[in-house]
Engineer: 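Before I ask anything, let me first share the structure, which is written out below as structure tokens.
Residue numbering restarts at 1 for every chain, and letters A, B, ... go by the order of the sequence lines.
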Number of protein chains: 2
Amino acid sequence: MHSEVVASRSADQRDSSRESRNGNSPQLDAVSLAIIQQLQEDGRRPYAAIGKAVGLSEAAVRQRVQKLLDQGVMQIVAVTDPLTVGFRRQAMVGINVEGDVESIADALTAMSEVEYVVMTAGSFDILAEIVCEDDDHLLDVINKRIRALPGVRSTESFVYLKLKKQTYMWGTR
Amino acid sequence: MHSEVVASRSADQRDSSRESRNGNSPQLDAVSLAIIQQLQEDGRRPYAAIGKAVGLSEAAVRQRVQKLLDQGVMQIVAVTDPLTVGFRRQAMVGINVEGDVESIADALTAMSEVEYVVMTAGSFDILAEIVCEDDDHLLDVINKRIRALPGVRSTESFVYLKLKKQTYMWGTR
DNA sequence: TCGCGACCTTGCGGATTTCGCAGATCGAGT
DNA sequence: ACTCGATCTGCGAAATCCGCAAGGTCGCGA
């Protein structure tokens, strides 16, 4: 009963390479996708349970998960609502840059209060999400540290009033 | 006797209801914070190891983690870079609303392509991050679905060019 | 066609972890 | 003083993790 399953599944694996024809760094096949999906529902789900769900042995799942972690494709972490953990002020900051955008982005990345940095097309060059403990802290980061970076032409801040949705279901649709 | 019970318990409840305006009920003590911190470094770290790190028994850690999960204070999940998982187009959309902002935010929240919704102060009323498979998909979501919502006055899109930083270290500083 | 590499499977123990439950402990209210 | 609820500890039993070995299959290139 096992041999049939093996044969049919190996066919599946190969044709998944067609999915990721756009060569990003590591092409994920359908099975790895499914594993990630499982771990997005519960990051502590046992390998055996995942294996049952995706049609792989426990050992294979273990190997794949390890590789995905090593490659940095995914990470398994606890996520929280910042407000419950004592960070009362958050903001998204749109930034316009003259000169090298990437170096500014790197400088932002180095700041511990900056949670999220993305280079964008549109009326901002960079969007950065910052997480602070209070208004003073927030003001300090925006005015003293971000605007002080050489090459930052202007910034616009959007202080968070209420977080409505925050999901981590990438790849789960 | 009935009314007294309510009165005596109300200290607790009032405390939490005041906080829960933003959806966060419990105030976390230092130990729970430390536990979260451990799990932000590695979501699969064993309870015994966490206990050793925070000075608690394995069973106590287990109970606290379970409670934190039940209360929705944190979740343990796999997170990925969307680009490596096949979502090639992402954008932040700033939205201006006339009328009830919250109902618009709820409508956005209901869309599966919308990953992140936050109500803000500033020149946008809402910021929404959307994750799509390609340009057509993105265009469709922004123009056909979001702009079609009654009450949406205008939108401005910031297509992601490069994700530079994405951390989940809230509370870890 | 043959061998190589990548990947999977099955099986196996031993170390580790999880899990449930029964007893301490402690603060608060009665 | 006593109960109640919440929390922590200790401790077996069950489950899981983890490394390892011995195959099997498939695609690919010499």
Engineer: Calculate the interatomic distance between A/Gln63 atom CD and C/dC8 atom C1'; express it in whole Å.
Structural biologist: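 Rounded to whole Å, this separation is 8 Å.
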Engineer: Can you figure out which of D/dT9, C/dT18, C/dC8 approaches the side chain of B/Tyr47 most closely?
Structural biologist: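 The nucleotide sitting nearest to the side chain is C/dT18.
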Engineer: Starting at the 5' end of DNA chain C and moving along, which residue's nearest nucleotide shows up first, A/Arg44 or A/Ser57?
Structural biologist: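 Looking at DNA chain C, the more 5' nearest nucleotide goes with A/Ser57.
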Engineer: Please work out whether the ring planes of B/Phe124 and B/Phe158 are parallel, tilted or perpendicular, with thresholds of 30° and 60°.
Structural biologist: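 Perpendicular.
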Engineer: If you compare every side-chain N and O of B/Lys67 against the phosphate oxygens of D/dA6 (OP1, OP2), does one of them come in below 4.0 Å?
Structural biologist: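 No, B/Lys67 has no side-chain N/O under 4.0 Å of OP1/OP2 on D/dA6.
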Engineer: Got a salt bridge between A/Asp29 and A/Arg64, using NZ or NE/NH1/NH2 to carboxylate O under 4.0 Å?
Structural biologist: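 Salt bridge present between A/Asp29 and A/Arg64.
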Engineer: Please figure out whether B/Pro46 or A/Arg62 has its closest DNA chain C nucleotide nearer the 5' end.
Structural biologist: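 In this pair, the answer is A/Arg62.
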Engineer: Taking the basic N atoms (NZ, or NE/NH1/NH2) and the acidic carboxylate oxygens, is any pair closer than 4.0 Å for A/Glu58 and A/Lys52?
Structural biologist: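 A/Lys52 and A/Glu58: not salt-bridged.
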Engineer: Specify the separation, in whole Å, of atom CD1 of B/Ile50 and atom P of D/dT9.
Structural biologist: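 Going from CD1 in B/Ile50 over to P in D/dT9 covers 14 Å.
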Engineer: Output the rounded distance in Å from CG (B/Asp29) to C1' (D/dA6).
Structural biologist: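 Taking atom C1' of D/dA6 as the reference, CG of B/Asp29 is at 13 Å.
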Engineer: Return the value, rounded to whole Å, for the distance between atom CG of B/Asp42 and atom P of C/dT17.
Structural biologist: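 Roughly 12 Å, once rounded to whole Å.
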Engineer: Can you find a side chain N or O atom of A/Arg64 that sits less than 4.0 Å from OP1 or OP2 on C/dC8?
Structural biologist: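 For C/dC8, OP1/OP2 do have a side-chain N/O of A/Arg64 under 4.0 Å.
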Engineer: Quick test of your reading of the model: are A/Asp134 and A/Arg89 salt-bridged, counting only N-O distances below 4.0 Å?
Structural biologist: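 No, this pair does not count.
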Engineer: Let's see if you can work this out: which of D/dC8, D/dC11, C/dT9 has an atom nearest to the side-chain heavy atoms of B/Glu58?
Structural biologist: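 Of D/dC8, D/dC11, C/dT9, D/dC11 is nearest to the side chain of B/Glu58.
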